[in-house]
Visitor: 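Take a look at this one; I'll ask things after.
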Amino acid sequence: MYKKGWAALVSMVLVAGLVVTGCGGGAKTGGSSSTGKALVYAQGSDPRGLDPAFVDDGESAKIITQIYEGLVRFKSGSTEIQPLLATEWNVSPDGKEWTFKLRQGVKFHDGTPFNAQAVKFNIERQLPPNANADMPYAEFTYDGVKKVDAVDDYTVKITLDKPSAAFLANLAMPIAAPLVSPEAAKKYGDKLMENPVGTGPYKFVKWEKGQMIELAAFDEYWGEKAKTKNVVYKFTKENSVRASDLMTGSVDIMDGVDTNDVKTLEEKGMKLIKTPGMNINYMGFYTNKAPFNNLELRKAIAMAINRKNLVDFLYQGNAQLPNSVLPDFIPGYSKDAKYLDYNVEEAKKQLAKAGYPNGFSFNAITYSNPRPYNPVNGEKLAAAIQADLAKIGVTMNIKSYPWKEYKEVLKNGEGDAYFYGWIGDNGDADNFLMLLDTAQIKGSLNSSKYSNPKLDQMLEEGRTTMDPVKRAQIYAQAQQLINDDVPWVPISHSVDMAAVRPNVKGFDLHPTGVHWLDIVTKE
Amino acid sequence: MAKYIVRRILLLFPVLFGVSLATFMVMHLFTTDPAEIILGQHATTERVAALREELGLNKPIYVQYADYLSDAVRGDFGKSVITKTSISDELMKRFPATLELALAAIFIASVAGITAGVISAVKQNSIFDYGSMVAALMGVSMPIFWLGLMMIIVFSVTLGWLPSSGRISIGMTPEHLTGLYLLDSLITGDMEAFSDALKHLILPAVALGSYSTAIIARMTRATMLETIRQDYIRTARAKGLSEKVVIIKHALRNALIPIVTVIGLQMGSLLGGAVLTETVFSWPGIGSYVVEGIMASDYPRVQGAVLLIGTIFVLVNLVVDILYSVLDPRIQHS
């Protein structure tokens with residue numbers, strides 16, 4: 001019996017070993033052999049869903065971008081707008097009527113023709129009374145849309161109740177704006193989340209929850225056909241495991257590269273791709289109450305913070321040092337905007353000028369978790385700044401909260417200063433600058449409660465100026481005005497990182513976090 | 001016996017009631033409002049209020065719980081508030097993955113644990129004994145998360161022997177019969193899929209089974225040491241039976257009862273406790289589904305999954321108790 005038991009055990013191990021080593025390593029065929037040569041993209045989790053009206057997460061946006069298209073899209077590497085399903089457009093002089101000429105001969109993946117009615121359907125399903133409360137971006141994207149008219153089969157007129165220069169940028173967003181097949185939306189209802197039908201270069205094949213989504217090139221695509229026929233999005237939660245998958249060759253592209261993995265990835269010959277993120281990480285002052293209603297004092301603090309050190313060491317170089325509230329790829333960004341330089345001696349003088357020659361102490365609140373704009377977390381950032389301020393005799397007391405509570409205490413204006421950030425929505429300058437608009441104090445987006453009628457006026461002018469050149473001039477002034485008034489200390493713009501295997505060509509990461517796989521090849 | 005089983009099954013209801021109540025309360029009181037998660041950074045007070053109404057989150061909490069419970073007893077766990085998919089469907093799709101992983105882990109743990117335990121007991125105070133007990137101590141104390149990552153680095157990245165994540169290679173899908181890939185591919189004779197699924201299973205199953213292996217080894221050693229000092233073992237030896245027969249047939253059989261209990265309890269917790277392993281190895285089972293649900297404050301998803309895990313845990317325990325009387329006729333359930 002004893003002998004037999006051992007023999008059985010040993011033979012089991014041997015059989016298992018033989019199966020693994022003997023049969024392994026073969027070509028990856030099986031159920032659907034088409035995916036054998038597929039381009040595999042690894043991301044952290046399943047998308048929430050694939051109906052652009054009902055999601056706002058990055059994981060969904062990436063896949064939606066392959067399947068769907070909007071009227072316009074962002075240019076590669078910036079948030080400038082270029083035509084997509086609309087070939088041209090014009091706006092009435094009062095900025096309220098937007099007329100779009102649509103591309104002809106476009107079909108949705110289910111054969112439904114793309115036309116003005118389809119556009120009308122898509123916008124109207126996100127407007128009251130059709131809109132649901134859980135459409136996260138409907139209100140933002142179609143803010144002020146009064147009506148949508150199909151002028152003819154290939155012309156759509158959208159009427160707004162107020163002029164909005166940023167409206168076009170909203171239509172380029174990877175969520176809410178991409179257009180779904182009206183027939184599919186009617187057929188699937190809620191289940192469109194799992195059965196996406198768009199006009200994009202790839203059509204949906206299948207979704208194995210928790211594992212992967214498979215896409216295939218759409219043969220009847222109106223534009224240049226996708227260079228790689230089959231694409232798979234694989235979901236692997238851990239950043240380091242995704243990196244392992246890339247190095248072993250089971251995936252071709254990964255995003256969310258951990259800073260700690262950069263060196264190993266490079267040593268193994270993987271290519272790193274970086275792009276500035278559409279966000280801002282900042283320290284804010286409550287400008288409506290003492291002590292920071294004192295501009296001279298705000299300047300002293302700003303000059304004492306070594307922002308370059310924070311970028312180089314706290315963020316290990318994977319961040320950009322801002323000279324303005326705006327990331328540099330956003331149209332309207334001013335490279336001439338100047339922010340206060342780091343200078344301990346000058347900061348001390350400035351502190352005396354502000355009426356605090358012997359220093360002082362204040363309370364700052366922060367968050368305990370990492371955020372997309374601050375991957376190390378608010379506590380660590382605050383601690384680094386605390387050390388800087390100690391050098392000029394200023395004591396910053398830090399109180400840290402978990403994110404959920406943090407948003408509450410921030411809304412209530414606790415402390416004297418705070419740490420926060422912003423993730424851009426539509427790549428328009430106004431989407432960042434409005435955070436300091438007096439009108440946003442009520443809705444608590446303007447947490448500094450900063451109010452400057454001059455800035456408010458500039459921002460209003462920016463919203464109603466349709467000429468991009470004039471708009472950029474207005475925003476250049478606004479950026480400098482904000483820098484001079486120091487309601488914030490802009491700390492950094494984070495950098496997004498992806499990595500690809502050496503045989504992958506043409507992959508680029510867009511600042512909005514999405515990418516286009518139809519131009520990528522695997523050699 | 002039948003009475004005993006019925007009584008135990010009836011006992012399931014208060015247990016599950018407690019589990020559901022605790023999960024419900026924890027999710028509702030201590031996590032971020034799902035309405036805020038859905039609406040993101042544009043979640044104004046008015047919009048959150050509107051969405052809470054749409055999701056039924058503005059009702060008094062006991063009403064919400066009663067609603068949830070009345071659906072749950074009919075097997076309807078509702079829809080995910082984030083993905084809008086049916087939770088029962090998702091759980092059904094993911095359960096086979098968790099089951100396959102837990103079965104593989106318990107298989108590895110039982111074979112390795114009992115073998116190591118028996119040899120340690122028979123050769124007490126030998127190098128093997130010390131070595132395996134130190135290994136067992138490490139197995140108990142090593143975090144699965146860390147062990148999993150280390151195994152990936154060694155066996156996937158450095159040696160390139162085994163895949164680091166997922167259940168099967170992309171492009172392979174065994175025909176769906178039971179949802180257990182090994183079994184399905186074996187039944188359909190798709191040996192390539194079988195080998196691929198097995199390769200994917202090894203690392204997570206070893207990582208998941210490490211703790212159980214250690215527990216089983218220690219338990220086996222302790223009970224075996226006690227058993228081999230019994231008089232009847234001496235009698236067996238005196239009868240002239242070979243040492244192997246004495247150990248396997250006489251000692252181990254009697255020592256098995258507490259060991260089976262431990263294996264059963266471990267099986268229950270492996271089914272529910274694969275959360276970390278599934279996360280590290282991106283194993284598409286219930287564990288990773290719960291983690292994503294907690295991250296997204298997806299109340300119904302977490303509640304449904306925890307209730308399922310609780311039910312399984314209680315049922316596995318029941319099976320273990322019934323097994324007692326099979327193994328040891330002296331124990332009778334009445």
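Order of the sequence lines fixes the chain letters, A, B, ..., with proteins taken first and strands second; residue numbering starts at 1 for each chain. Hydrogens, waters and symmetry mates play no part in the numbers below; they use all other heavy atoms, side chains included. Note that the structure is a prediction, hence the values are computed from the model and not measured.
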Visitor: Which heavy atom of Leu149(B) sits nearest to which heavy atom of Val241(A), and what is that distance?
Guide: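 Minimum heavy-atom separation between Leu149(B) and Val241(A): CD2-CG2, 3.7 Å.
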Visitor: Can you list everything that forms a side-chain hydrogen bond (donor to acceptor under 3.5 Å, both in side chains) with Gln440(A)? Sequence neighbours excluded, please.
Guide: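 Partners of Gln440(A) under the side-chain hydrogen bond (donor to acceptor under 3.5 Å, both in side chains) test: none.
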Visitor: Calculate, to the nearest 0.5 Å, the distance between atoms OG1 and CD belonging to Thr83(B) and Glu194(A) respectively.
Guide: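 Here the interatomic distance stands at 7.0 Å.
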Visitor: Please state whether the side chain, the backbone, both or neither of Asp56(A) comes within less than 4.5 Å of a heavy atom of chain B.
Guide: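 Side chain only.
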Visitor: Does Glu175(B) CD have over 12 foreign heavy atoms under 6.0 Å away?
Guide: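 Not more than 12 within 6.0 Å, no.
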Visitor: Check the pair Ser165(B), Lys234(A) against side-chain hydrogen bond (donor to acceptor under 3.5 Å, both in side chains), reporting the backbone distance first and the verdict last.
Guide: CA-CA 10 Å; Ser165(B) 71; Lys234(A) 183 173 185 255; 2.6 Å; yes
Visitor: With a 4.5 angstrom heavy-atom cut-off, could you sort out which part of Val291(B) is near chain A: side chain, backbone, both or neither?
Guide: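 For Val291(B), the side chain is the part near chain A, not the backbone.
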Visitor: Quick check on Glu208(A) against chain B: is it the side chain, the backbone, both or neither that has a heavy atom closer than 4.5 Å?
Guide: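 Side chain only.
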Visitor: So Thr279(B) and Glu238(A), do their side chains get closer than 4.5 Å, heavy atoms only?
Guide: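 Side chain of Glu238(A) against side chain of Thr279(B), heavy atoms only: contact under 4.5 Å found.
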Visitor: Taking the side chain as C-beta and beyond, is there a heavy-atom pair between Lys268(A) and Val157(B) under 4.5 Å?
Guide: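 Lys268(A) reaches Val157(B) side chain to side chain.
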Visitor: If you measure from NZ on Lys84(B) to CG on Leu192(A), what distance do you get to the nearest 0.5 Å?
Guide: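 With rounding to 0.5 Å, NZ (Lys84(B)) is 11.5 Å from CG (Leu192(A)).
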Visitor: What part of Glu90(B) lies closer than 4.5 angstrom to a heavy atom of chain A: side chain, backbone, both or neither?
Guide: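 Just the side chain, heavy atoms under 4.5 Å.
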Visitor: Once ring-ring contact (aromatic ring centres under 6.0 Å, His included) is applied, do any residues pair with Tyr299(B), and if so which ones, sequence neighbours excluded?
Guide: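 Tyr299(B) satisfies ring-ring contact (aromatic ring centres under 6.0 Å, His included) with His28(B) only.
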Visitor: Between the main-chain N or O of Pro136(A) and the side-chain N or O of Arg47(B), is there a donor-acceptor pair closer than 3.5 Å?
Guide: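 A pair under 3.5 Å: yes.
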Visitor: Looking only at non-hydrogen atoms, find the nearest pair between Ser164(B) and Ser244(A) and report the distance.
Guide: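 Reported closest heavy-atom pair: OG-CB, 4.1 Å.
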Visitor: As an exercise: rank Glu278(B), Glu292(B), Lys79(B), Arg94(B) by heavy-atom pairs under 4.5 Å with chain A and give me the winner.
Guide: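 Among Glu278(B), Glu292(B), Lys79(B), Arg94(B), the one with the most close pairs to chain A is Arg94(B).
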Visitor: Please state whether the side chain, the backbone, both or neither of Thr236(A) comes within less than 4.5 Å of a heavy atom of chain B.
Guide: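 Backbone plus side chain of Thr236(A), per the 4.5 Å heavy-atom cut-off to chain B.
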Visitor: Quick check: do Lys191(A) and Thr85(B) have side-chain heavy atoms less than 4.5 Å from each other?
Guide: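 A side-chain contact under 4.5 Å is absent here.
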Visitor: Looking only at heavy atoms and a cut-off of under 4.5 Å, which of Met247(A), Glu139(A), Glu405(A), Arg242(A) has the most pairs with chain B?
Guide: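 Option with the top pair count is Glu139(A).
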Visitor: Relative to chain B, which segment of Asp57(A) carries a heavy atom at a distance below 4.5 Å: side chain, backbone, both, or neither?
Guide: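 Neither part, no heavy atoms under 4.5 Å.
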Visitor: Minimum heavy-atom separation for Ile82(B) to Met193(A), with atom names?
Guide: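 Of all heavy-atom pairs spanning Ile82(B) and Met193(A), the closest is O-CE, 3.9 Å.
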Visitor: Is the shortest heavy-atom distance from the side chain of Lys206(A) to the side chain of Thr173(B) under 4.5 Å?
Guide: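 Yes, close enough: below the 4.5 Å cut-off.
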Visitor: So which residue, Thr264(A), Asp190(A), Asp245(A), Thr248(A), ends up with the most heavy-atom pairs under 4.5 Å with chain B?
Guide: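 Answer, by heavy-atom pair count under 4.5 Å with chain B: Asp245(A).
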Visitor: For the CD atom on Glu54(B), are there more than 12 heavy atoms of other groups (residues, nucleotides or ligands in this structure) within a distance under 6.0 Å?
Guide: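 Check passes, neighbour count above 12.
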Visitor: Sort Phe140(A) into side chain, backbone, both or neither according to what part of it lies under 4.5 angstrom from a heavy atom of chain B.
Guide: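 The side chain, not the backbone.
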Visitor: For residues 154-172 of chain B, which residue pairs qualify under salt bridge (charged side-chain N to carboxylate O under 4.0 Å, His left out), counting only residues two or more places apart or in two chains?
Guide: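 Those involving residues 154-172 of chain B are Glu100(B)-Arg167(B).
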Visitor: Residue by residue, scan residues 44-52 of chain A and write down, ordered by number, those that have a heavy-atom distance under 4.5 Å to chain B; if none do, write 'none'.
Guide: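 Asp46(A), Arg48(A), listed by number.
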Visitor: Could you tell me whether Met92(B) atom CE has more than 12 heavy atoms of other residues or ligands within 6.0 Å of it?
Guide: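 Atom CE in Met92(B) is not crowded, with 12 or fewer foreign heavy atoms closer than 6.0 Å.
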